[in-house]
> 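After the structure tokens below, expect a handful of questions from me.
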Amino acid sequence: MHTRKSRPWYRRSLVRWIRDITVICLVIYGISQWQMRGMLSTDGDAAPSITLVKTLNGEPYRISSQPGKRTLIYFFAPWCEVCRLSMKNVDVVDTKRFQVFRIALDYDSVGQVNEFLSDIGVDKPVYLGNEQLKSNYQVQGYPSYYLLDEQFNMIDRALGYSSSAGLRVRTWLATPGPDVPESKTSSAQIGEEQTE
């Protein structure tokens, strides 16, 4: 009589772990996609053209594209506990490649925003948004992130907590390498030098 040889216990456990982790990742991905359903599309749609905010001192400021830099816009509310945990994570974004805008929405007063920033130790520029900006960017919850390319087209978005590592990976994946534009120029220059 032929008996089937069973796999060792550690191989069975490993298969179960891989299966369970895969299912959990798929569930988390599905939930995050469902949460972001109302946000602006990342199919190359342009960001709202007029993005006027105010500084914490009340001075008007226009958010616009900057040549050679992509943009991260981080929307938060001072009463949001997830924002309290994630706002400092934005500091890991490479400011040589990205301009970063932290924009407060749904606040009661400038004092409330300042107190929130003081509590968590944020010393970077923060701007005050308004209901029109919230509507233009279809902010559904906090924190909300948008990544924009150099032409201010949407390339990525997120809603909820993002770790430092997560933001680093998102911005790294969304940014062409530093030598991409220069490599074309340097190849052309090399070709010209060889012909002379």
Side-chain angles (χ1 to χ4, degrees), residues 31-32 34-42 45-150 152-172 174-175:
I31 290 170
S32 70
W34 181 79
Q35 283 181 320
M36 293 187 300
R37 70 192 181 286
M39 295 178 75
L40 294 175
S41 168
T42 57
D45 291 345
S49 57
I50 299 175
T51 308
L52 295 174
V53 293
K54 289 185 178 179
T55 65
L56 292 175
N57 296 328
E59 299 165 3
Y61 189 88
R62 181 185 169 104
I63 293 176
S64 59
S65 59
Q66 185 177 350
K69 281 195 174 186
R70 295 190 169 203
T71 302
L72 170 70
I73 300 178
Y74 172 89
F75 292 105
F76 73 96
W79 45 262
C80 167
E81 289 302 317
V82 177
C83 301
R84 185 176 295 277
L85 296 172
S86 70
M87 189 148 174
K88 293 284 284 182
N89 297 341
V90 178
D91 292 346
V92 303
V93 175
D94 183 1
T95 55
K96 291 179 184 153
R97 293 183 174 191
F98 276 85
Q99 54 178 347
V100 177
F101 296 101
R102 296 164 184 83
I103 301 175
L105 294 172
D106 289 343
Y107 54 90
D108 292 329
S109 66
V110 177
Q112 181 190 27
V113 175
N114 281 324
E115 184 179 335
F116 171 81
L117 298 173
S118 176
D119 286 351
I120 60 175
V122 171
D123 59 355
K124 309 286 189 207
V126 171
Y127 302 92
L128 302 172
N130 53 43
E131 285 301 314
Q132 184 62 50
L133 184 68
K134 180 180 177 180
S135 174
N136 288 350
Y137 277 86
Q138 298 177 11
V139 176
Q140 308 291 312
Y142 301 104
S144 290
Y145 308 79
Y146 282 108
L147 287 174
L148 312 172
D149 67 12
E150 293 85 349
F152 249 42
N153 295 319
M154 299 287 174
I155 53 176
D156 200 3
R157 64 189 179 170
L159 173 64
Y161 181 82
S162 283
S163 65
S164 297
L167 279 169
R168 201 180 296 262
V169 168
R170 277 181 184 273
T171 54
W172 178 74
T175 309

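In this text, all values refer to a predicted model and were calculated from it rather than measured experimentally. These numbers come from the heavy atoms of this one structure, side chains and all, not from hydrogens, waters or symmetry mates.
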> For residues 79-89, pull every pair meeting side-chain hydrogen bond (donor to acceptor under 3.5 Å, both in side chains), keeping only residues two or more places apart or in separate chains.
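Those involving residues 79-89 are Tyr74-Ser86, Asn89-Tyr161, Asn89-Ser164.
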
> Per the ring pair (Phe, Tyr, Trp, His ring centres under 6.0 Å) rule, what does the pair list look like for residues 52-71, sequence neighbours excluded?
Tyr61-Tyr127

> Measure the acute angle between the ring planes of Tyr146 and Tyr137, then classify it against the limits of 30° and 60° as parallel, tilted or perpendicular.
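Because their plane-to-plane angle lies in the 30° to 60° range, the rings of Tyr146 and Tyr137 count as tilted.
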
> Quick one: pull up CG in Leu148 and CD1 in Ile63 and give me the separation to the nearest 0.5 Å.
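Output value for this atom pair is 9.5 Å.
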
> Can you find a pair of side-chain heavy atoms, one from Ser162 and one from Tyr145, that are under 4.5 Å apart?
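In short, these two side chains touch, coming nearer than 4.5 Å.
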
> With a 4.5 Å limit on heavy-atom distance, are the side chains of Arg157 and Leu147 in contact?
no

> Looking at Gln112 and Asp108, what are the two nearest heavy atoms and their distance?
OE1-N, 2.6 Å

> So, using side-chain contact (heavy atoms from CB on, under 4.5 Å) as the criterion, who are the partners of Ser64 when residues are at least two apart?
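Expected list: Arg62.
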
> Sub-3.5 Å donor-acceptor pair from the side chain of Asn130 to the main-chain atoms of Gln132, do we have one?
yes

> Please find the pair of heavy atoms, one from Ser144 and one from Leu159, that lie closest to each other, and give the distance.
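In terms of heavy atoms, the two residues are closest at OG-CD1, 3.2 Å.
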
> Could you pull out the closest heavy-atom pair between Val113 and Pro78, with the gap in Å?
CG2-CG, 4.2 Å

> Provide the closest heavy-atom pair for Tyr142 versus Cys83 in the form atom of the first, atom of the second, distance.
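Looking at all heavy atoms of both residues, the closest pair is CB-SG, 3.6 Å.
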
> Output every pair passing salt bridge (charged side-chain N to carboxylate O under 4.0 Å, His left out) with a member in residues 122-134, not counting sequence neighbours, ordered by first then second residue.
Asp106-Lys134

> Are Arg70 and Asp94 ion-paired here, with the side-chain N under 4.0 Å from a carboxylate O?
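No salt bridge links Arg70 with Asp94.
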
> Give the C-alpha distance, both sets of side-chain angles, the deciding distance and a yes or no for side-chain contact (heavy atoms from CB on, under 4.5 Å) between Val122 and Val90.
CA-CA 10 Å; Val122 171; Val90 178; over 6 Å; no

> Does the side chain of Met87 reach to within under 4.5 Å of the side chain of Leu117, using non-hydrogen atoms?
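Yes, their side chains come closer than 4.5 Å.
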
> Tell me, do Val82 and Pro143 make a side-chain contact under 4.5 Å, heavy atoms counted?
yes

> Do you know which two heavy atoms are closest between Leu128 and Val110, and how far apart they sit?
CD1-CG2, 3.7 Å

> Run the salt bridge (Lys or Arg N to Asp or Glu O under 4.0 Å) test against Lys69 and tell me which residues pass, sequence neighbours left out.
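Once residues adjacent in sequence are excluded, Lys69 has no partner under the salt bridge (Lys or Arg N to Asp or Glu O under 4.0 Å) criterion.
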
> Under 4.5 Å between any side-chain heavy atoms of Phe116 and Phe76, yes or no?
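They are in contact (side-chain heavy atoms under 4.5 Å apart), so the answer is yes.
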
> Of all residues at least two apart in sequence or in a different chain, which pass the side-chain contact (heavy atoms from CB on, under 4.5 Å) check with Glu115?
Asp119

